[in-house]
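The block underneath contains the structure these notes are about, expressed in structure tokens.
Here is how names work: the chains are called A, B, and so on, in the same order as the sequence lines, proteins then strands, and each is numbered from 1.
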Protein chains: 2
Amino acid sequence: MAPQSPRDKIVHAAMELFWLKGYNSTSIADLLSRTQLNSGSLYHVFPSKQDVLIGVLEAYRDGIQEMLLEPAWGAVDDPIEKIFALLNGYRTMIVESDCTYGCPIGSLALELHEPDPQVRALLAQNFENWTAAIETCLADAGRRLPANTDHRALAQFVLTAMEGGVMQARTHRDVAYFDRAVAQLRAHFKLLEEAAKSKA
Amino acid sequence: MAPQSPRDKIVHAAMELFWLKGYNSTSIADLLSRTQLNSGSLYHVFPSKQDVLIGVLEAYRDGIQEMLLEPAWGAVDDPIEKIFALLNGYRTMIVESDCTYGCPIGSLALELHEPDPQVRALLAQNFENWTAAIETCLADAGRRLPANTDHRALAQFVLTAMEGGVMQARTHRDVAYFDRAVAQLRAHFKLLEEAAKSKA
DNA sequence: GCTGGACTTGATTGAACATTCAAACAAGAG
DNA sequence: CTCTTGTTTGAATGTTCAATCAAGTCCAGC
């Protein structure tokens with residue numbers, strides 16, 4: 001591995017710690033002990049804790065392709081299956097974390113009650129990029145969906161189902177809640193495909 | 001109004017403050033200044049801050065009928081419309097809060113990363129009561145839904161749509177995200193009702 | 001009107017926290 | 001070697017916080 005700059009070390013550690021413990025419950029001291037840096041070095045790179053958060057959100061934003069989509073879509077071509085392959089990626093993370101997994105963006109979005117405009121914009125942008133990826137799948141599905149389908153709304157609904165499913169799975173410590181959300185979404189897509197067929 | 005006991009005062013203030021600022025960001029001092037009590041009185045009633053949280057979650061659990069369902073369902077009889085009336089209640093709260101509204105239970109569920117078992121059980125119970133209420137609506141809808149409909153899964157999906165919609169509306173500071181989630185859910189119900197009819 | 005138990009007062013404690021800064025260090029340019 | 005610029009060190013600062021407790025008040029029952 002290439003030697004990491006302090007900046008990269010901090011962002012990397014913060015991504016993990018914010019995900020694990022949340023933003024407010026992660027102290028600067030946590031970040032320092034994890035990165036083996038001194039407080040002065042951290043504050044040389046990031047003027048405040050909030051700037052670390054901004055760095056983390058930018059990293060998620062810039063890494064969505066390599067970190068999220070490519071791993072999930074490696075072996076999948078069918079556009080609608082790509083959507084469920086992505087959801088299955090989340091399922092894996094839920095199981096691997098013993099059902100403590102929370103979407104990093106969703107958790108931050110709900111934890112930060114009065115976010116700075118820049119932070120809120122980055123949260124929104126992360127959601128926007130996610131749904132945009134789903135939207136391209138829906139566009140690729142073409143005539144399999146009814147002609148009047150609102151792709152943007154449906155893509156947002158996929159995010160809705162994911163976030164809601166993750167939240168319930170975590171609260172109940174049981175993947176089955178996530179699975180049921182995905183199954184319902186699957187049923188919805190099936191009904192849409194049937195509706196598209198019968199009108200053709 | 002009847003004179004409130006210190007306990008009621010604290011729970012009432014904590015419901016509002018936890019909702020407004022979150023659990024971690026609400027200090028005991030915040031609760032004391034809001035309730036005009038002294039720290040000793042608070043600690044006489046609740047041995048720790050977490051016990052205040054438990055009191056709040058119990059209050060939500062015990063108040064779901066009067067606080068949530070009855071106001072939303074006052075004028076509605078149709079079982080499926082009752083579901084959307086409840087969602088419309090959330091819509092009102094989103095608008096009234098300038099799109100800063102977050103479901104109190106959902107926000108706490110995501111904010112608390114390593115909750116005490118009792119706290120987690122109460123969060124889960126709150127979700128469970130909510131979906132149980134939806135489930136009775138689905139049962140009342142009877143043959144309007146396909147015979148093989150999984151009422152529990154569908155009720156959980158309604159919660160999923162609500163939580164996901166609220167999260168996105170808040171992040172983007174725009175009710176339209178909630179509205180689109182509800183519209184998608186409405187479309188899903190419409191497809192289910194059509195499927196039930198065509199099989200009849 | 002006295003006693004005992006329940007509640008209240010509010011200053012205090014000690015830990016945790018984000019942030020600062022003067023001093024040290026590294027290394028490339030002249 | 002020396003100056004300069006960028007980086008690192010880590011002890012120190014001031015604040016905030018949850019929680020404590022000895023002393024005081026209140027009132028019910030006798």
Can you tell me which residue pairs pass the ring pair (Phe, Tyr, Trp, His ring centres under 6.0 Å) test with a partner in residues 51-72 of chain B, sequence neighbours excluded? none
By a strict heavy-atom criterion of less than 4.0 Å, which residues belonging to residues 14-42 of chain A are in contact with DNA chain D? A/N38, A/S39, A/G40, A/S41
From the 5' end of DNA chain C to its 3' end, which nucleotides mark the outer limits of contact with chain B, defined by a 4.0 Å heavy-atom distance cut-off (strictly under)? C/dC7 to C/dA11
Let me know the distance between CD of B/Q50 and P of D/dA18, rounded to the nearest Å. 13 Å
Around atom CZ of A/R173, are there more than 12 heavy atoms from other residues, nucleotides or ligands closer than 6.0 Å? yes
DNA chain C contacts made by residues 51-58 of chain B, counting heavy atoms under 4.0 Å: none
Only pairs at least two apart or in different chains count here, so list each side-chain hydrogen bond (donor to acceptor under 3.5 Å, both in side chains) that has a residue in residues 129-142 of chain B. B/Y90-B/W130
Check whether any side-chain nitrogen or oxygen of B/Y43 sits under 4.0 Å from OP1 or OP2 of D/dT20, and answer yes or no. no
Would you find more than 12 non-hydrogen atoms of other residues, nucleotides or ligands less than 6.0 Å from A/R143 atom CZ? no
Could I get the full list of side-chain hydrogen bond (donor to acceptor under 3.5 Å, both in side chains) partners for A/S48, not counting sequence neighbours? A/D51
Its dot-bracket string being built from Watson-Crick and G-U pairs below 3.5 Å, with | for another strand and [ ] for crossing, DNA chain C has the pattern ||||||||||||||||||||||||||||||
Just to be sure I understand the geometry, which residues of residues 107-119 of chain B put a non-hydrogen atom under 4.0 Å away from DNA chain D? none
Kindly compute the distance separating CG (B/L192) from CG (B/L145), expressed to the nearest 0.5 Å. 6.0 Å
Neighbour count >12 (heavy atoms, 6.0 Å) for atom CZ, B/R7: no
Please collect all side-chain hydrogen bond (donor to acceptor under 3.5 Å, both in side chains) contacts where either partner lies in residues 67-80 of chain B, sequence neighbours excluded, each pair once. B/D78-B/R144
Which pairs count as ring pair (Phe, Tyr, Trp, His ring centres under 6.0 Å) when at least one residue sits in residues 165-188 of chain A, sequence neighbours excluded? A/F157-A/H188, A/H172-A/Y177, A/H188-B/H188
Ring-plane angle category for A/Y101 and A/W19, please: parallel below 30°, perpendicular beyond 60°, tilted otherwise. tilted
Please determine if B/R180 and A/D150 form a salt bridge, counting it only when a charged side-chain N lies under 4.0 Å from a carboxylate O. no
B/K190 atom NZ: more than 12 heavy-atom contacts under 6.0 Å: no
When you measure from the side-chain N and O atoms of A/H44 to the phosphate of D/dT8, is any distance below 4.0 Å, counting only OP1 and OP2? no
Please list, one pair per line, the donor and acceptor atoms closer than 3.5 Å that link side chains of residues 36-43 of chain B to other protein atoms, with sequence neighbours excluded.
none

Separation of D/dT7 atom P from A/K9 atom NZ, nearest Å, is 15 Å
side-chain hydrogen bond (donor to acceptor under 3.5 Å, both in side chains) pairs touching residues 107-122 of chain A, sequence neighbours excluded, are A/N24-A/E111, A/Q50-A/D116
Starting at NZ of B/K49 and ending at C1' of D/dT16, how long is that distance when rounded to a whole Å? 12 Å
Of all the heavy-atom pairs spanning A/P79 and A/C137, show the shortest one and how long it is. CB-O, 3.3 Å
